[in-house]
Amino acid sequence: MKRFTQAAASAALLAATAGPALAQEAQSLDARVNAAFATATGPFVNFIFAPLPGTAFPWIVLWLVVAASIFTIYFGFVQFRFFSHAISLVKGDYSDPNDAGEVSHFQALATALSGTVGLGNIAGVAVAVGIGGPGATFWMILAGLLGMASKFTECTLGVKYRNEYPDGTVSGGPMYYISKGFTELGLPGGKILAVLFSVFCILGALGGGNMFQANQAHAQISGIVGDYPGWITGVIFAAVVFVVIVGGVKSIAAVTEKVVPFMGILYVGAALVILIVNYDKIGWAFGQIFAGAFTGLGVAGGFVGALIQGFKRAAFSNEAGVGSAAIAHSAVKTKEPITEGFVSLLEPLIDTVVICTMTALVIVISQQLIVDPATGNYMLNEAGSAIATVDGNSGVALTSAAFGSAISWFPYVLAIAVVLFAFSTMISWSYYGLKAWTYLFGEGKTSELVFKLIFCVFIVIGAAASLGPVIDFSDAAIFAMAVVNIFCLYFLMKLVKTELASYAARLNSGEIKKFTH
């Protein structure tokens, strides 16, 4: 017994002396990962966000805005004309159980939403409002409404040109409709563009699809339980994500159709409580949003800064024009490609117009942004790069502080929402990246397992890196997908218009009927 006691004492002494050293080593590992990551991704990020000559306006933002506007006009404001029909489709009113595919309209929408309704809605909006002011919210909403047409276009094509296999599984997305669509139209370069998109999709999946999510989830959790090395959060997330994604899209859909409605209700419900408590400030907040949209209210970059931040965050949040959602929607059970286009246009509405706006309103109403009492304008931080906040917060910490200012325990509710948002986004983006991977390297269990393991490793890296390099790389990778996708959509959109005209005529004539379930 004495020997055991001495051994135990020695072990305790060793643990006490080694503990701080191990903790310091873990923190230095985070720093090394961050430095290497920033160095490796810098040139790629700089190219994607290069400004137009003589301006501070990134060319990629204009690329997305123009495309969304063109699709809106070309399809006759389809997002408003077929809105009620989209709701009927999601409810299953027109669903034939015998149609080819793997998931229902609702499951496809839930899976795609779980990939878009993520930390971009919580941390991303805080970044936009923190830099561009409340006015960025107005441009976010406008980008969301226009983006509905972009989503409609790409998701219709995703179903139209998907691969259907004998075992009932399907593979679809921009890489398939680019190669097949260009061949059908007799256009060259389809295969090359499809490969290029797939490469960017894999980068987007590893960046925005898990690294950003893991990074901000760790920030929220450590803000509540205390600081600890990010790689620990990463390992836990990676293990849970792997368990789900190893089961394929049906397993993913089964999880997302339960998690997405719950996390959406949880988050929007929490935001509504804040707004109800501060109901007298709602009118003032909307006044700040509209005034800031056109004047900038003295924030960094003024009017242009608000516009840029609004459109950037909306694009990162709802991914309209990026092509990612078309991969999830391609798995739907339907024989009418256009129906999934209608369903998909609901995504930017839910993601950006509703959830992002709720986040922005909570931040503005809680008055976390510091106003100069002498001028009424927002004050900038010491670096002059963003609006000064009450406690110097940014990203998810700013949103958490905004919620916590009204009810002290709300950051705990937000922490649950953050974990759910991050988890659901990661499992959906694993599917997007997987389909791009198998397009490049072929279908098969071994090929799929290799990608899933790589994906989980990057979750750990994302949790260990700092916000700056992660968010820059995430934006750049996802926007690079949009460069290829939108370029190709301009050539393919006439195929969608033919589908739309045919379906609308049959719907109006009564040929397309509802099913009784």
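Every heavy atom of this structure was used, including side-chain atoms; hydrogens, water molecules and symmetry mates were not.
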On the 0 to 90° scale, with breaks at 30° and 60°, tag the [X]-[Y] ring pair as parallel, tilted or perpendicular.
| X | Y | answer |
| --- | --- | --- |
| Phe47 | Trp59 | tilted |
| Phe82 | Phe342 | parallel |
| Phe441 | Trp437 | tilted |
| Trp429 | Tyr432 | perpendicular |

Nearest heavy atoms of [X] and [Y], plus distance in Å:
| X | Y | result |
| --- | --- | --- |
| Ile459 | Gly234 | CG2-O, 3.7 Å |
| Ala360 | Thr137 | CB-OG1, 3.2 Å |
| Ala214 | Ala463 | CB-N, 3.9 Å |
| Gly341 | Thr156 | CA-OG1, 3.3 Å |
| Glu184 | Leu495 | OE2-CD2, 3.8 Å |
| Leu345 | Ala86 | CD1-CB, 4.4 Å |

Which value, rounded to the nearest 0.5 Å, describes the distance between Leu157 atom CG and Ile338 atom CD1?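 CD1 of Ile338 is found 8.5 Å from CG of Leu157.
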Within this structure, what is the CD1-CD1 distance for the pair Ile232 and Ile221, rounded to the nearest 0.5 Å? 11.5 Å
Check whether Tyr74 forms a cation-pi arrangement with Lys497 (NZ or CZ under 6.0 Å from the six-membered ring centre, at most 45° off the ring normal).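 Verdict for Tyr74: a cation-pi partner in Lys497.
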Does the side chain of [X] pick up a donor-acceptor pair with the side chain of [Y] at under 3.5 Å?
| X | Y | answer |
| --- | --- | --- |
| Lys180 | Asn163 | yes |
| Thr438 | Glu448 | no |
| Thr233 | Tyr228 | yes |

Looking at [X] and [Y], would you say the former's side chain and the latter's main chain have a donor-acceptor pair under 3.5 Å?
| X | Y | answer |
| --- | --- | --- |
| Ser179 | Tyr176 | yes |
| Thr72 | Ala149 | no |
| Ser330 | Gly158 | yes |
| Ser428 | Thr425 | no |
| Asn210 | Gly462 | no |
| Glu340 | Cys155 | no |

For residues [X] and [Y], determine if any side-chain heavy atom of one lies less than 4.5 Å from a side-chain heavy atom of the other.
| X | Y | result |
| --- | --- | --- |
| Leu142 | Trp139 | yes |
| Ile454 | Val450 | yes |
| Phe237 | His218 | no |
| Met140 | Thr357 | no |

Among Thr399, Thr359, Ile363, find the residue that satisfies the side chain to side chain contact (heavy atoms under 4.5 Å, CB included) test when tested with Val129. Ile363
Side chain to side chain contact (heavy atoms under 4.5 Å, CB included) with Met175: which of Ile327, Asn485, Leu440? Ile327
Only one of Glu347, Glu154, Lys151 passes side-chain hydrogen bond (donor to acceptor under 3.5 Å, both in side chains) with His329; say which it is.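 Single pass found, and it is Glu347.
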Is it the case that more than 12 heavy atoms not belonging to Ile192 sit under 6.0 Å from its CD1 atom?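 Count not over threshold, so no.
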Do Phe71 and Phe152 have their ring centres less than 6.0 Å from each other? no
